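Below is one structure, written out as structure tokens, with a few remarks after it.
So you know, we letter chains A, B, ... as the sequences are listed, proteins then strands, and number each from 1. Predicted, not measured: the structure shown is a model, and the values here were computed from it.
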Protein chains: 2
Amino acid sequence: MEKINLKDYAENFVDIYNDIQETFPKAVLNQAFICKFSSNEYIVRFDEDIQYLFLLLDGRAKIYIVHENGKRALIQFLKKNDFIGELSLIEVEKNLKDVVAIDDCTCLAFPLASSKEHLLNDNLFLHNLSKYLGDKLLKRTDHYTDMQDYEFKNRLAKYILQIENDGCFQEKLTETAEYVGVSYRHLLYTLNQFHEDGLLKKKGRKYFIINKEKLERLSSKKG
Amino acid sequence: MEKINLKDYAENFVDIYNDIQETFPKAVLNQAFICKFSSNEYIVRFDEDIQYLFLLLDGRAKIYIVHENGKRALIQFLKKNDFIGELSLIEVEKNLKDVVAIDDCTCLAFPLASSKEHLLNDNLFLHNLSKYLGDKLLKRTDHYTDMQDYEFKNRLAKYILQIENDGCFQEKLTETAEYVGVSYRHLLYTLNQFHEDGLLKKKGRKYFIINKEKLERLSSKKG
DNA sequence: ACCTCAATATGAGATATCTCCTATTATTAT
DNA sequence: ATAATAATAGGAGATATCTCATATTGAGGT
């Protein structure tokens with residue numbers, strides 16, 4: 001983890017810095033700095049105290065919940081403009097999560113100790129936070145209700161359509177399995193089935209969508 | 001649905017009214033009134049505009065998400081001090097949910113049209129709302145990650161322990177099945193299995209816990 | 001260049017869970 | 001009260017999904 005002075009960062013990323021300035025009170029920005037995390041680095045560990053509120057400025061990360069039985073479940077992907085640690089800020093979180101950088105990540109970091117008071121008295125911030133949390137709640141609920149109401153092939157179709165890029169699906173399959181909540185084995189079964197049904201074609205380790213319509217039908221129907 | 005003047009209500013429920021007064025700005029309380037819903041009555045319908053922010057003062061309710069395929073999934077039980085419609089207030093909700101009263105419910109109702117501005121500028125309210133949403137997010141996440149990481153008998157054990165009263169489990173089984181995310185048929189299988197394993201005893205339509213330890217072990221382990 | 005560890009891949013067998021069907025009680029509405 | 005609807009109950013068979021075992025391939029570190 002590398003720390004960078006906020007002003008140094010501001011010189012190179014003017015637009016982002018302007019957004020930040022409009023969103024956070026000055027007193028808080030004075031305490032803030034930039035953190036860079038490398039791919040696969042832990043941003044937060046479930047068994048260590050969290051010291052900062054982070055705002056993800058660049059890169060992708062993932063949140064794991066750690067169960068008592070030692071198993072982990074991937075519960076969310078984070079991207080630009082997602083908060084990390086906001087639940088600790090408002091003191092509702094008892095069990096921290098693991099947060100891991102997927103690719104290199106740039107974060108804006110606010111030291112909780114010195115920023116909490118300011119943030120919790122700032123109307124704009126609270127309003128934004130409420131919207132952010134409400135949105136997160138809805139998205140997470142949708143994700144999970146889908147899991148329980150559709151069988152896996154439907155969910156997988158939906159997931160592929162969400163995440164594909166130029167018709168190409170190249171996510172890490174181990175991660176995908178954790179996120180969509182099935183065993184790796186079953187994920188492979190289903191991908192092979194998609195291949196046999198003429199939905200996907202495999203080249204090397206990438207899958208290409210060759211029948212998007214059919215995939216879309218599958219993603220929103222049962223059966 | 002029956003409307004009652006807030007002042008009339010306040011005379012009979014002094015303590016609750018005092019809490020309310022400390023939590024909401026006066027300008028907003030002047031617009032508010034009390035709504036009573038009967039058991040099984042719809043408080044919100046997924047296909048109708050929502051006009052009020054409700055705070056549940058008494059009774060229990062349940063939230064359903066309605067899928068495109070027509071299926072419903074029970075996603076949360078609501079009790080005293082839960083909000084209804086708070087996501088519409090902050091304008092993040094696109095797809096409304098069904099909210100249905102389980103028993104008779106008493107709600108404090110704020111007309112969105114006239115209260116929104118006031119509420120969204122009130123620091124105390126926003127802070128409370130953030131905490132409320134954060135807490136809801138965590139609870140919902142826990143509920144769903146449990147669903148995916150434990151098999152049903154573990155989840156059922158946990159659920160029974162959460163909801164039992166004096167060792168007696170008497171929830172409606174159809175509702176339970178929807179909430180815990182299995183078919184009614186499978187719920188019955190598992191309850192019978194619990195009976196055979198000496199965890200529960202059945203009297204009429206009620207189940208009584210006869211081996212709490214074993215149930216607790218089952219609720220937190222795999223297998 | 002070599003070693004190690006993580007990711008990809010697939011087979012075989014087990015089982016958790018579902019769907020569909022059919023009775024039998026409760027509960028609610030007319 | 002009686003009809004109608006919802007909840008409880010269980011049988012039979014299908015299948016979606018899991019676990020475990022094993023082999024191959026790829027990437028990162030020294």
Original post:
Rounding to a whole Å, what distance do you find between B:Tyr189:OH and C:dA16:P?
Top reply: 12 Å
Original post:
Among C:dT19, D:dC18, D:dA7, which nucleotide sits nearest the side chain of B:Lys172?
Top reply: D:dA7
Original post:
How are the rings of B:Phe37 and B:Phe54 set to each other: parallel, tilted or perpendicular (split at 30° and 60°)?
Top reply: perpendicular
Original post:
Under 4.0 angstrom, heavy atoms only, what part of the nucleic acid is B:Leu173 near: base, sugar-phosphate, or nothing?
Top reply: sugar-phosphate
Original post:
Taking for each residue the nucleotide of DNA chain C with the nearest heavy atom, is it B:Gln193 or A:Arg205 whose nucleotide lies nearer the 5' end?
Top reply: A:Arg205
Subject >> Nucleotide nearest B:Tyr184 (side chain, heavy atoms from C-beta), chosen from C:dT8, D:dA9, C:dC18 >> reply: D:dA9
**OP:** Determine the interplanar angle of the B:Phe13 and B:Tyr9 rings, folded into 0 to 90°, and report it as parallel if under 30°, tilted if 30 to 60°, perpendicular if over 60°.
**Re:** parallel
**OP:** Mind calculating the distance between CG (B:Leu188) and P (C:dT17) to the nearest angstrom?
**Re:** 14 Å
**OP:** Answer yes when A:Lys153 and A:Glu151 have at least one side-chain N-carboxylate O distance shorter than 4.0 Å, and no when they do not.
**Re:** yes
Original post:
What residues form a salt bridge (Lys or Arg N to Asp or Glu O under 4.0 Å) with A:Lys139, not counting sequence neighbours?
Top reply: A:Asp135
Subject >> From C:dA9, C:dC18, D:dT17, nucleotide with atom closest to A:Lys202 side chain >> reply: C:dA9
**OP:** Between B:Arg185 and B:Glu171, name the one whose nearest nucleotide on DNA chain D is closer to the 5' end.
**Re:** B:Glu171
Subject >> B:Arg185 NZ/CZ over B:Tyr189 ring centroid, <6.0 Å and within 45° of normal >> reply: yes
Original post:
Where the side chain of A:Ser88 meets the backbone of A:Glu91, is there a donor-acceptor pair that is under 3.5 Å apart?
Top reply: no
Subject >> Length of the CG-P vector between A:Asn154 and D:dT17, whole Å >> reply: 9 Å
**OP:** Starting from the first five and the last five pairs of the helix from C:dT4-D:dA27 to C:dT30-D:dA1, work out the angle between the resulting helix axes, to 10 degrees.
**Re:** 60°
Original post:
Rounding to a whole Å, what distance do you find between B:Glu175:CD and D:dA7:P?
Top reply: 8 Å
**OP:** Choose from C:dT19, C:dT8, C:dA9 the nucleotide whose nearest atom is closest to any side-chain atom of A:Tyr207.
**Re:** C:dA9
**OP:** Identify, between B:Ser183 and A:Asn192, the residue whose nearest nucleotide on DNA chain C lies closer to the 5' end.
**Re:** A:Asn192
